[in-house]
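Just so you know, these numbers use all the heavy atoms, side chains as well, and skip hydrogens, waters and symmetry mates. Note that the structure is a prediction, hence the values are computed from the model and not measured.
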Amino acid sequence: MSTHDLYTIPAELSTWDVEAAGAARFTWEYDNGRDRMLALYQKGKDKQWDSVKRIDWDLEVDPYNVLGIPDETIAIHGTPLWERMDEKQRKEVRLHGASWQFSQFLHGEQGAMICSARIVESVPDLDSKFYAATQTMDEARHAETYARFLQEKVGLAYPINPHLKSLLDSTLSDSRWDMPYLGMQVLIEGLALAAFGVMRDITTKPLPRQILAYVMQDEARHVAFGRMALRDYYRQLSESELREREDFVIEGCYLMRDRLRGQETWENLGLNKAEVADAMESVDKSQYLQLFRSLLFSRIVPCVKDIGLWSPRLQQAYADMGVLDMAGQSLDALMRQDEDIAERLDTERFAAEEAERHAEVAETVALGGDPRP
């Protein structure tokens, strides 16, 4: 089935062309590289995985309860609009909310794949080119995984959100080689990584938890890659050049914050204009969503500070968004946690499969049959 058959809103075109600017850069220095960057490159090679084999696609998913989380997490829960809905309408709210969220993950992963390919092309250092090449493969795998999840398990998809599209456009159309890092590795990847983490930790369903945990294991390395490259480069920039990057970060963070409102989901649930307005008011007032939005900046704010973009006006922008206190988060600790959760999930899953296999063999032996497959 074509993905276009699943879209709630017709996609404008089958493709989206972004005019690229900047130069493709070759380097003839093959010997020297930064030890930490090369170590990250080695880890990127070692940690490659196949979504067909690592993820248990036989697990069932209820499209009307994808994550298995309480309805209290829905912005309109408890409002007069929610109370007027029957169970069929509420099921549609759950379906569209999950579909929209995972659709944006999918589109973001394709954007990350294209941005990392641009980094391979434009970054001047060979060690960065090496790592970005492994990331391009990671992002292809992530897009493949989310596409399969939406097509086979959810059965509904949304086109790219206008705010995400705007940030991708700004990121890819800039001629400066560091902007794909800043737009993708720091902002889009940082917010996605935090979103994955919140959903990984609250879902009660094994398949989405596997997907989110395994994707996060890769994404944590990608954010670390952006930090290393930009921290070194931004030490060399003038005050005016740093201010330009800060302007980009501030605008990008507001776009990411507004993207989370998900207005298009409410517009596609058969609600009238007044009900859509009520739903959006509930979104803006929802305590759960306010907490969710603030948590989503837990990876972006400390990363922006770490790479050297931390002027008073940037701090004021984060204070206005209510996320300035996220600057104290330890990115290294979060990255280790992401690695550990994915590894533990593997251990638990394969231990359970091995135990099941041993039980089958023991049962066969007890029946006097041949235990060999």
Side-chain angles (χ1 to χ4, degrees), residues 47 49-51 54-63 65-74 94-95 97-109 112 135 138-139 141-150 152-154 185 187-224 256 259-260 262 288-303 326 329-352:
K47 294 291 185 177
W49 49 278
D50 185 348
S51 68
R54 195 181 190 193
I55 293 172
D56 185 359
W57 290 104
D58 291 332
L59 290 166
E60 293 295 328
V61 172
D62 179 358
N65 190 18
V66 172
L67 295 175
I69 55 179
D71 285 341
E72 284 76 9
T73 61
I74 299 173
R94 299 182 193 108
L95 169 63
S99 168
W100 180 84
Q101 188 70 268
F102 280 94
S103 294
Q104 303 319 310
F105 290 167
L106 167 61
H107 301 315
E109 296 295 351
Q135 180 178 343
D138 288 344
E139 307 297 5
R141 179 172 58 250
H142 300 168
E144 169 203 354
T145 301
Y146 283 126
R148 181 173 179 178
F149 183 72
L150 283 165
E152 296 184 6
K153 302 298 182 178
V154 180
Q185 309 290 82
L187 299 183
I188 298 175
E189 293 270 62
L191 185 137
L193 188 56
F196 297 164
V198 172
M199 295 174 69
R200 176 199 64 193
D201 294 341
I202 66 174
T203 183
T204 59
K205 303 297 182 179
L207 182 56
R209 187 162 191 266
Q210 282 182 25
I211 292 171
L212 293 163
Y214 296 152
V215 168
M216 287 187 72
Q217 190 176 32
D218 295 337
E219 300 290 10
R221 293 195 307 274
H222 302 165
V223 174
M256 290 295 91
R259 177 182 80 81
L260 298 170
Y288 170 79
L289 291 180
Q290 287 175 8
L291 175 61
F292 183 63
R293 279 194 290 267
S294 66
L295 289 173
L296 294 190
F297 283 86
S298 64
R299 311 273 181 145
I300 293 176
V301 177
C303 187
M326 291 296 173
Q329 292 284 336
S330 169
L331 291 172
D332 291 332
L334 291 170
M335 180 177 172
R336 287 194 298 271
Q337 181 185 62
D338 296 337
E339 292 271 2
D340 291 344
I341 288 174
E343 296 293 345
R344 187 164 63 248
L345 193 59
D346 270 345
T347 300
E348 293 170 357
R349 178 182 158 204
F350 293 122

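Although no hydrogens or angles enter the test, the distance criterion places no donor-acceptor pair under 3.5 Å between the side chain of Lys205 and the main chain of Asp62. Between the side chain of Glu189 and the main chain of His222, no donor-acceptor pair closer than 3.5 Å is present. No side-chain donor-acceptor contact under 3.5 Å links Trp49 to the backbone of Ile55. Under the 3.5 Å distance criterion, the side-chain polar atoms of Thr203 are left unmatched by any main-chain donor or acceptor of Met199.
By the 4.5 Å heavy-atom criterion applied to side chains, Ile211 and Leu207 are counted as neighbours. In this structure, the side chains of Phe149 and Leu106 stay at 4.5 Å or more apart for every pair of heavy atoms. With contacts defined as side-chain heavy-atom distances shorter than 4.5 Å, the pair Pro206/Asp56 does not qualify. Using a 4.5 Å heavy-atom cutoff, the side chains of Val61 and Glu152 are not in contact. Using a 4.5 Å heavy-atom cutoff, the side chains of Leu187 and Ile300 are in contact. A 4.5 Å side-chain heavy-atom check between Leu295 and Met326 finds at least one atom pair inside the cut-off. By the 4.5 Å heavy-atom criterion applied to side chains, Gln101 and Leu67 are not counted as neighbours.
Around atom CD of Glu72, more than 12 heavy atoms belonging to other residues, nucleotides or ligands sit under 6.0 Å away.
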Between Gln337 and Asp340, is a side chain to side chain contact (heavy atoms under 4.5 Å, CB included) present by the stated rule, with each step listed? CA-CA 5 Å; Gln337 181 185 62; Asp340 291 344; 5.7 Å; no

Side chain to side chain contact (heavy atoms under 4.5 Å, CB included) assessment of Leu193 paired with Met216: CA-CA 6 Å; Leu193 188 56; Met216 287 187 72; 3.8 Å; yes

Step by step, would you call Gln135 with Arg221 a side chain to side chain contact (heavy atoms under 4.5 Å, CB included)? CA-CA 9 Å; Gln135 180 178 343; Arg221 293 195 307 274; over 6 Å; no

Full working for side chain to side chain contact (heavy atoms under 4.5 Å, CB included) between Leu334 and Gln329: CA-CA 8 Å; Leu334 291 170; Gln329 292 284 336; 4.1 Å; yes

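Here Ile341 contributes atom CD1 and Glu339 contributes atom CD; the two are 11.0 Å apart, rounded to the nearest 0.5 Å. Taken to the nearest 0.5 Å, the CD atom of Glu219 stands 11.0 Å off from the CG atom of Leu212. The NZ atom of Lys47 sits 9.5 Å away from the CG atom of Asp218 when rounded to the nearest 0.5 Å. Separating the SG atom in Cys303 from the CG atom in Leu331 is a distance of 6.0 Å, to the nearest 0.5 Å. Note that CZ of Phe196 and CD of Gln217 are 14.0 Å apart. Values are rounded to the nearest 0.5 Å. Atoms CD and OH, from Glu343 and Tyr214 in turn, are 9.0 Å apart once rounded to the nearest 0.5 Å.
Here the closest non-hydrogen pair linking Val215 and Glu109 is CG1-OE2, 3.9 Å. The two residues Ala342 and Ala213 come nearest to each other via the heavy atoms CB-O, 3.7 Å. Nearest heavy-atom pair, Arg200 versus Arg209, reported as atom, atom and distance to 0.1 Å: O-NE, 3.6 Å. Annotation for Val66 and Pro208: closest pair O-CG, 3.6 Å, computed over non-hydrogen atoms. Val154 and Pro63 get closest at one heavy-atom pair: O-CB, 3.7 Å. Heavy atoms only, all atoms of each residue included: Ala194 and Leu296 are closest at CB-O, 3.4 Å.
Between Phe292 and Tyr288, the ring planes are parallel. Angles under 30° get that label, and only those over 60° would be called perpendicular. Ring planes of Tyr146 and Phe105: tilted class, angle from 30 to 60°.
In this structure, a donor-acceptor pair under 3.5 Å is present between the side chains of His142 and Glu139.
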